[in-house]
Amino acid sequence: MRIIARKTLQDCWEAGHADAEQTLRAWFAEVSRASWQTMADIKQRYPHASVIDAERVVFNIGGNKYRLVAKVWFAGQAVYVKFVGTHRAYDDVDVTKL
């Protein structure tokens, strides 16, 4: 998968969440090697991820301390990182609008 908006990941750990850096780097590396075709493929690897709709999924990062919202285009093999933040910040986001 091609990951769009990698800087969003970096912005998270540079904004004072340094403890998320290694987990986000590991997520990036793993997703970069993935070849998902369906949301079921994502759920198989990330069973605690929350599927929002046909394009959006929420990943738990760092033991669920952080949330990562991504929009997935299976046909184009791309993942667009729309949000990365604390669980508290996530509560203020309307995921369906991202």
Side-chain angles (χ1 to χ4, degrees):
M1 303 297 287
R2 184 172 46 97
I3 301 173
I4 301 167
R6 179 181 183 173
K7 185 162 177 2
T8 305
L9 303 176
Q10 185 176 349
D11 288 347
C12 177
W13 70 70
E14 288 181 350
H17 304 293
D19 59 326
E21 181 175 2
Q22 291 307 314
T23 306
L24 290 170
R25 286 183 182 274
W27 179 89
F28 180 88
E30 187 169 329
V31 172
S32 294
R33 292 186 304 271
S35 180
W36 298 324
Q37 300 300 313
T38 66
M39 285 295 183
D41 294 340
I42 296 172
K43 288 291 287 182
Q44 182 177 356
R45 173 57 190 98
Y46 296 96
H48 296 291
S50 301
V51 174
I52 304 304
D53 57 29
E55 297 180 328
R56 291 177 188 86
V57 62
V58 180
F59 296 92
N60 299 318
I61 302 292
N64 203 22
K65 185 174 180 181
Y66 299 97
R67 294 284 180 99
L68 185 155
V69 179
K71 192 168 186 178
V72 182
W73 290 289
F74 296 106
Q77 289 290 284
V79 175
Y80 187 171
V81 178
K82 303 293 280 183
F83 170 87
V84 181
T86 64
H87 205 290
R88 180 177 288 180
Y90 169 81
D91 289 341
D92 295 332
V93 173
D94 182 353
V95 180
T96 63
K97 303 275 192 230
L98 295 176

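What's counted below: heavy atoms across the whole structure, side chains too, no hydrogens, waters or symmetry copies.
Every residue two or more places apart in sequence or in another chain was checked for a side chain to side chain donor-acceptor pair (under 3.5 Å) with Gln22, and none qualifies. Partners of Lys43 according to the side chain to side chain donor-acceptor pair (under 3.5 Å) rule, which considers only residues two or more places apart in sequence or in another chain, do not exist here. Remark: Asp19 engages Lys65, Tyr66 in a side chain to side chain donor-acceptor pair (under 3.5 Å) (not counting sequence neighbours). Judged as a side-chain contact (heavy atoms from CB on, under 4.5 Å), and not counting sequence neighbours, Asp92 has no contacts. Under the side-chain contact (heavy atoms from CB on, under 4.5 Å) criterion, Arg88 pairs with Thr86, not counting sequence neighbours. The salt bridge (Lys or Arg N to Asp or Glu O under 4.0 Å) check on Lys82 picks up nothing, with sequence neighbours excluded.
In this structure, Phe74 and Ala54 approach most closely via the heavy-atom pair CE1-O, 3.9 Å. Shown here for Gly62 and Thr23, the closest heavy-atom pair between the two residues is N-CG2, 3.5 Å. Listed here is the closest heavy atom pair of Ser35 and Gln37: O-NE2, 3.4 Å. Of all heavy-atom pairs between Met39 and Asp53, the closest is CE-O, 3.5 Å. Taking all atoms of both residues into account, the shortest heavy-atom contact from Met1 to Val72 is CE-CG1, 3.9 Å.
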Under the side chain to side chain contact (heavy atoms under 4.5 Å, CB included) rule, what do Asn64 and His87 come out as? Steps first, then yes or no, please. CA-CA 7 Å; Asn64 203 22; His87 205 290; 3.6 Å; yes
Verify side chain to side chain contact (heavy atoms under 4.5 Å, CB included) between Asn60 and Arg67, making sure each step is shown before the conclusion. CA-CA 5 Å; Asn60 299 318; Arg67 294 284 180 99; 3.0 Å; yes
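Cluster annotation: Trp73 is not connected to Val58 through the hydrophobic network of ILVMFWY side chains, with a link wherever side-chain heavy atoms come within less than 4.5 Å. Transitive grouping of hydrophobic side chains (ILVMFWY, heavy atoms separated by less than 4.5 Å) keeps Ile61 and Val69 in distinct clusters. Phe83 and Val57 are assigned to two separate hydrophobic clusters, defined by single-linkage of ILVMFWY side chains at heavy-atom distances under 4.5 Å. Side-chain heavy atoms closer than 4.5 Å link hydrophobic residues (I, L, V, M, F, W, Y) into clusters, and following such links, possibly through other members, connects Val51 to Val31. Both Ile52 and Val93 are part of a single hydrophobic cluster, where members link through side-chain heavy atoms under 4.5 Å apart.
Atom-to-atom distance recorded for Arg56:CZ and Thr96:OG1 is 6.5 Å, nearest 0.5 angstrom. Of the inter-residue distances, the one linking Phe59 atom CZ with Arg45 atom CZ reads 10.0 Å to the nearest 0.5 angstrom. How far CZ of Phe28 is from CD of Gln10: 11.0 Å, rounded to the nearest 0.5 Å. Note that CG of Leu24 and CG of Leu68 are 6.5 Å apart. Values are rounded to the nearest 0.5 Å.
Just one of Asp11, Ile4, Leu9 meets the side-chain contact (heavy atoms from CB on, under 4.5 Å) condition when paired with Lys7; it is Asp11.
The 12-atom threshold is exceeded at OH of Tyr90, counting heavy atoms of other residues, nucleotides or ligands nearer than 6.0 Å.
Ring-plane geometry between Tyr46 and Trp36 is classed as perpendicular, the angle between the planes exceeding 60 degrees on a 0 to 90 degree scale with a lower cut at 30.
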